[in-house]
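Just so you know, these numbers use all the heavy atoms, side chains as well, and skip hydrogens, waters and symmetry mates. Whatever order the structure lists them in is the order used to number ligands and atoms, beginning at 1. Along the sequence shown, residues are numbered consecutively beginning with 1.
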Amino acid sequence: MSEKNSYRPIGIFDSGFGGLTVLKEIVKELPQHDFLYLGDNARAPYGSRSYETVYEYTLQCVTHLFNMGCSLVVLACNTASAKALRTIQQKDLPIIAPQNRVLGVIRPTTEIIGNYSKSGKVGVLGTAGTVSSGSYLVEIEKFFPELKVYQQACPMLVPLIENNECTNAGAEFFIKKYVDGLMAQEKNIDAIILGCTHYPLIEQQIKKYLPAGITLLSQGPIIAKGLKDYLQRHPEMDSRCSKNGSVSFFTTDQPETFDKAATLFYGGPVQSKQLEL
Ligand code: DGL
């Protein structure tokens with residue numbers, strides 16, 4: 001078997017660093033698999049971009065991951081999952097790679113959110129793009145039609161986190177503003193989805209501004225369990241993934257800059273290579 005055929009990593013994609021919080025948990029759950037992470041840092045953030053742009057960028061990155069040997073790609077980005085996943089699954093995949101699969105992060109989260117709420121009122125914090133897409137409302141309705149969902153767009157958070165400015169007074173101001181904005185819509189919210197893969201880095205700060213007793217759901221562990229479950233239910237897909245326990249990192253921007261910040265998100269050393277789009 002040639003190197004190209006024997007190396008079939010699972011692709012993990014994000015606009016930048018956020019997907020690393022998901023990759024970290026996936027690697028714990030599936031340590032034997034090979035993973036290839038791609039951060040489109042040169043064009044991040046995606047959160048404020050149009051449908052067309054997010055779709056175009058995401059499809060381009062997914063196609064690169066396919067060309068690098070991935071049969072299965074996880075969009076570890078809510079914005080890309082909200083704005084590009086369905087079109088890629090329904091329109092592009094049948095043409096460019098009918099045997100390959102692309103999964104997102106919104107569905108696995110919405111499948112379980114109802115189990116964490118007694119009041120029947122849940123919140124979603126996300127990028128402007130994720131919130132305006134209405135994807136969480138649509139998906140939660142499918143699994144828990146009785147739940148009332150309240151959303152809050154947090155446009156300043158990804159830039160603050162990406163620039164490592166999330167512990168200063170300016171960041172605290174915006175975190176409090178967004179948390180207050182969500183709770184002002186409904187004071188009985190008792191479960192909140194961190195609907196952006198960057199937000200686990202500020203989970204403790206978000207908690208600080210919430211009333212006690214509210215469950216805050218980070219996506220990493222949910223996606224990791226969901227992916228393991230998916231591979232068990234789809235052995236034909238699992239057999240197309242190689243298992244040498246390797247993790248490789250690619251960025252569309254400067255590797256040196258990526259590696260420094262990526263370590264914070266991944267919780268371990270990262271050495272990336274640049275991918276020219
Ligand atoms: N991590 C991405 C998400 O989950 C951030 C999007 C962005 O680049 O703004 O939505």
Does Phe265 have its ring centroid less than 6.0 Å away from the ring centroid of His198? yes
Short N or O distance, Thr197 and ligand 1, threshold 3.5 Å exclusive: yes
Near [X], which atoms of ligand 1 are under 4.0 Å from a heavy atom of that residue?
| X | result |
| --- | --- |
| Asp14 | 1 (N), 2 (C) |
| Ser15 | 5 (C), 6 (C), 7 (C), 8 (O) |
| Thr127 | 6 (C), 9 (O), 10 (O) |

Could you walk me through whether Asn78 and Tyr136 pass the side-chain hydrogen bond (donor to acceptor under 3.5 Å, both in side chains) check? CA-CA 10 Å; Asn78 287 268; Tyr136 271 99; 2.6 Å; yes
Check whether more than 12 heavy atoms from other residues, nucleotides or ligands sit under 6.0 Å from atom NZ of Lys243, and answer yes or no. yes
When you measure from atom 6 (C) of ligand 1 to every protein heavy atom, which one gives the shortest distance, and what is it? Thr79 OG1, 3.3 Å
Could you tell me the residue and atom name of the protein heavy atom closest to atom 9 (O) of ligand 1, and the distance to it rounded to 0.1 Å? Gly47 N, 2.7 Å
With heavy atoms only and a cut-off of under 4.0 Å, state how Ala44 meets ligand 1: side chain, backbone, both or neither. neither
Side chain, backbone, both or neither: the part of Val105 lying under 4.0 Å from ligand 1 by heavy atom: neither
Is there a path from Ile106 to Leu137 through hydrophobic residues (I, L, V, M, F, W, Y) whose side chains come within less than 4.5 Å of each other? yes
Mind checking whether Gly16 has a heavy atom under 4.0 Å from ligand 1? no
Pick, from Thr21, Asn78, Leu194, the option with the minimum heavy-atom distance to atom 3 (C) of ligand 1. Asn78
How are the rings of Tyr46 and Phe13 set to each other: parallel, tilted or perpendicular (split at 30° and 60°)? tilted
Please answer whether the main-chain N or O of Lys121 pairs with a side-chain N or O of Glu186 as donor and acceptor at a distance below 3.5 Å. no
I'd like to know if the side chain of Asp14 and the backbone of Gly16 have a donor-acceptor N/O pair within less than 3.5 Å. yes
